[in-house]
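Values reported hereafter were calculated over all heavy atoms of this structure, with side chains retained and with hydrogens, waters and symmetry mates removed. Reminder, nothing fancy here: chain letters follow the sequence lines and each chain counts from 1.
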Amino acid sequence: MPAHDPHHESVETGDHVVLIDGSAYIFRAYHALPPLTRSSDKLPVGAVAGFCNMLWKLVRAKDAQTGFEPKPTHLAVVFDKSEQTFRKDIYPLYKAQRPDLPEDLRPQFPLIREATRAFDLACVEQAGYEADDLIATYAELAKAKGARVTVISSDKDLMQLVDGLVRMYDPMKDKAIGAEEVFEKFGVAPDKVVDVQSLAGDSVDNVPGVPGIGVKTAAQLLAEYGDLDTLLARAGEIKQTKRRENLIEFADQARLSRQLVTLKRDVALDVPLDDIAVVEPEGRRLVAFLKAMEFTTLTRRVGEAYEIDIAAVEPDPGLKAGGGETALLAAGLDPDTRETAVPLEGAPSAAEGLTPQALSAARQAQATSTPVDRSRYETVTTLARLEEWIARATALGLVAVDTETTGLDPMQAELVGFSLATAPNEACYVPLAHKGGDEGLFSEGLLPGQIPPREALAALKPLLEDPSVLKIGQNLKYDWLVFKRVGIEVGPYDDTMLLSYVLDAGASPHGMDPLSIRWLGHTPIKYEEVCGKGKGQIRFDRAPLDKASEYAAEDADVTLRLWRVLKPRLASEGKATVYETLERPLVAVLARMEARGIMIDRQMLSRLSGEFAQGMGRLEAEISDMAGESFNPGSPKQLGDILFGKMAIPGGRKTPTGAWSTGADVLEELAEQGHELPRRILDWRQLQKLKSTYADALPTYVHPDTGRVHTSFALAATTTGRLSSSEPNLQNIPVRSEEGRKIRKAFVAAPGHKLISADYSQIELRLLAEIADTPSLRQAFQDGLDIHAMTASEMFGVPIEGMPGEVRRRAKAINFGIIYGISAFGLANQLSIPREEAGAYIKRYFERFPGIRAYMDETRAFAREHGYVETLFGRRCHYPDISAKNPSIRAFNERAAINARLQGSAADIIRRAMARMDGALEKAGLEARMLLQVHDELIFEVPDDEVDATIPVVREVMEIAPFPAVALKVPLKVDARAASNWDEAH
DNA sequence: GCAAGGACGTA
DNA sequence: GTACGTCCTTGCA
């Protein structure tokens, strides 16, 4: 039926068939995109604009493009024809509850059809069938010819189509939907989606399903019984009474639901598949349409692409404002409620009709071309002006945000002001609590010309929480917490620091200043220039307002510019999934963990501090006795002089700087030779460490209001993807020594609660078995063997039963050595054996496990060739010095690269678990809250009576964390325990 | 007052 | 042999 170009070619292998769910697109676009109206007559055209931008991107994609690669060869926009479908015949209530169309959406339906024709693309609809059935049929035909299919929609009803050749694409989120996403939604693979829907039903479409069964239960049942028919046949076996009865009673309703949700894949198509081939649009006709719509940016782009003088083209007379039927469509709309037309700039998905590669190259080139002009920044002093900025940001759907505060700790610092940026050089600072000038009786007065913070924040809150406006920050976790403390939960968001981290971890730093210098060629104002440094440093709220304002506005401006450069690289370098699944979700997750904090027993620590001090005093007396003089045992320099100078003990080593080495390993050796002093020093150092770093320091971190300790987790601090923790570091709380565990005991659950510690057992060794594909190691894990003993047995031929501890210890050291990128030198050091012997061990190990040598060789070669390695989940860790001429630097980088694949993959897995954990706990109706992460361990605080219910949920989330992105052959094992303090829970 | 080096706590 | 952060001393400004 479409007036379509007859020069089609038939579909064949390698072709790419794109099917757009037109009706669904309009609804999504209407709700997700900022409202946009044609300026001359206020005709609402937001969805049409988004649609045209998308089509342009599709038909002009020159190269591979995420989600649309390869370039579409065939494309159809598919619509629902009418209400009456075969499903209504089966079940009259089907889709009987659809609300009426919003007034300003209705006129966009015919315009979308017009747009499709203007692009010379097929517009398909067929009586008696829903768009979904037509899409399913086209997909089926295309697959049969070996073509790839992309369905542009995020409708869950279409997810049953996903398979190796068919994927979906969510045009609003700019995100591919594959088997993984389907699994995340339904808990089953795509081929079981229909079964889940048949059981769970759908209130929106009025699909009945089985009462009492939701998606989660359905997925669980299907995992157990395989498929719907088997489940219904064996329903009698189900333990839960109500569930069993319902499944038996409503079995027929489930089968009816299956008929409703199963898409018809064999519709007799009015428009054959071959007829939807993509052809080059007729430029002038397209321009005429776009001009009539008044989409100036896209009109210009299309004009340039086809070398058409757009001024010479008349707008389509049937569609232009006041000129045709569309004017009538707009009638009845209240012009005052319509937004003025704003071009969709900034967002790469909507703006530029380019491939990701071309876009990121263009953005990079542009980045330096508009110099930062601080004179264009504005200091906002009135609510009215602020509201104008907010309106502008809302219309754009995009804004960079930065907070200025009184300190560096987001849990304590007070908000002083915030800045916004909407385009390069288009930025403002909104001071809220700057002080100075007049002194009040007890405190300094606020400077005049500041909006009352409550009013400003009340105006800002809807913007920062608006689901259709993307907030962009640099290290956004900080700002997220600051805003959270004033009652604003920021979202959705992007973080430029994390973008940089995903793209360049190990290659360059991710702080704003270095990023600005590198990508924008611009050096921002230094904080010291505003507030001074050292002793003379003043708080931001006391800084001169003009300087403060420039500084703050520039931060937002720079952040926005960085986003424009970095965000497109995500797609062009294939790292969008890493960012979306491993980075972005962690911002809010970690912010919440930090805000919760953990309780410590200060009395216990204070008592310990006294004990440690006593012990140190005793040791100091003995030490000076033995040394024959009093000296500072905390000074390695003085100690070295005593031991190797005055006492002339032989066998001393030197540090790289030429000083005597007095490290624990050296002192340990001396102690074993019978020297008493080194033993005392070691004991003293242990107490000194425990006292100063833990017993004395931790209480100083207790928050005055919450009474708890709030660490700060860094998301972008390591090369491998691990988190880090600081101020205080709660990832290095002692556990190995008896004395140290007393510190750990002081980490306690709140009254009426327990701490649960859940940790992955041997995760890096398991990943070694997986990545290096070593069947014997894998088998050992599957059989639940003692992996170190098994290694020893393989290497030395000693039976596991009755194995001497020393033999196992050596194997364990070798296993760890492998993870660390083993060297004979390091292993020899660790085991205190000659280097030759260590070398022999390694040789034997590689003979027994040849796959691991291959893994290490491959990793070295890959890193050498590419300058980076990748984890199982695609995270990149860069090692720019991997090809250094200096052999020891090179070897160091090789070991680090070998380690990074394992450490990084483990880090990815726990990140995935953490990203899902809050939701899983909530879904299970549990009060448990995640407090800490220690690389392979998660710590929760749980009400006493929920401990037993929480542990299985936590364990499940952690153990299946790699799935479905990666299906490990090696099982993951999680140990979890609860107690009232961390030591006993661990 | 600050940076570097050494030492040591964790995974 | 990997990955971190913190405390203390030292040496220089």
For this session: May I ask you to say what A:Arg722 touches in the nucleic acid, namely base, sugar-phosphate or nothing, with a heavy-atom cut-off under 4.0 Å?
Result: base
Exercise. What does A:Lys689 touch in the nucleic acid at a heavy-atom separation under 4.0 angstrom: a base, only the sugar-phosphate, or nothing?
Worked result: base
Problem set entry | Given B:dA11, C:dC7, C:dC4, the nucleotide with the shortest approach to the side chain of A:Thr693 | C:dC7
Problem set entry | Minimum-distance nucleotide (side-chain atoms of A:Phe892 versus C:dT2, C:dG5, B:dA11) | C:dT2
Seminar exercise, completed: Correct closest heavy-atom pair for A:Tyr760 and A:Met958 would be OH-O, 2.6 Å
Exercise. What does A:Leu902 touch in the nucleic acid at a heavy-atom separation under 4.0 angstrom: a base, only the sugar-phosphate, or nothing?
Worked result: nothing
For this session: Using a heavy-atom cut-off of under 4.0 Å over every strand shown, decide if A:Gly821 touches base, sugar-phosphate, or nothing.
Result: nothing
Exercise. With a 4.0 Å cut-off on heavy atoms, is A:Thr657 in touch with a base, just the backbone sugar-phosphate, or nothing at all?
Worked result: sugar-phosphate
For this session: Mind checking A:Ala659 for me? I need base, sugar-phosphate or nothing, with any heavy atom below 4.0 Å counting as a touch.
Result: nothing
Exercise. Can you tell me if the side-chain N/O atoms of A:Ser661 get under 4.0 Å from OP1 or OP2 in B:dG6?
Worked result: no
For this session: Ignoring the backbone of A:Asn632, work out which of B:dA7, C:dA3, C:dT9 is nearest its side chain.
Result: C:dT9
Exercise. Within 45 degrees of the axis of the six-membered ring of A:Trp660 and under 6.0 Å from its centre: does A:Lys637 put its NZ or CZ there?
Worked result: no
For this session: Answer yes or no: side-chain N or O of A:Arg895 and base N or O of C:dA3 forming a donor-acceptor pair under 3.5 Å.
Result: no
Problem set entry | Distance-only polar pair, side chains of A:Ser823 and A:Arg895, donor-acceptor under 3.5 Å | no
Exercise. Which nucleotide in the list C:dT2, C:dC4, B:dA11 gets nearest to the side chain of A:Thr719?
Worked result: C:dC4
For this session: Could you please name the option among B:dG1, C:dC7, C:dT6 that lies closest to any side-chain atom of A:Glu727?
Result: C:dT6
Problem set entry | Shortest non-hydrogen contact from A:Ala897 toward A:Val869 | O-CG2, 3.7 Å
Exercise. Which part of the nucleic acid, if any, lies within reach of A:Asp759 when heavy atoms closer than 4.0 Å are counted: base, sugar-phosphate only, or nothing?
Worked result: nothing
Exercise. When you check the phosphate oxygens OP1 and OP2 of B:dT10, does a side-chain N or O of A:Arg736 lie under 4.0 Å from one of them?
Worked result: yes
For this session: Assign A:Ala897 to base, sugar-phosphate, or nothing according to its heavy-atom contacts below 4.0 angstrom with the strands shown.
Result: nothing
For this session: Kindly indicate whether the side chain of A:Asn732 and the base of B:dG9 share any N or O donor-acceptor pair separated by less than 3.5 Å?
Result: yes
For this session: Answer with base, sugar-phosphate or nothing: what part of the nucleic acid does A:Arg685 contact at a heavy-atom distance below 4.0 Å?
Result: sugar-phosphate
For this session: May I ask you to say what A:Ala664 touches in the nucleic acid, namely base, sugar-phosphate or nothing, with a heavy-atom cut-off under 4.0 Å?
Result: sugar-phosphate
Problem set entry | Polar contact flag, side-chain donor to acceptor under 3.5 angstrom, A:Glu984-A:Asn981 | yes
For this session: Answer with base, sugar-phosphate or nothing: what part of the nucleic acid does A:Glu937 contact at a heavy-atom distance below 4.0 Å?
Result: nothing
Problem set entry | Sugar-phosphate only, base, or nothing, as touched by A:Glu764 at under 4.0 Å among non-hydrogen atoms | nothing
Exercise. CH2 of A:Trp684 versus P of B:dC8: gap in Å, rounded?
Worked result: 11 Å
Problem set entry | C:dT6 OP1/OP2 closer than 4.0 Å to side-chain N/O of A:Ser692 | no
For this session: Pick base, sugar-phosphate or nothing for A:Ile822, based on heavy-atom distances below 4.0 Å to the nucleic acid.
Result: base
Exercise. Does A:Glu672 pair with A:Arg679 as a salt bridge, N-O distance under 4.0 Å?
Worked result: no
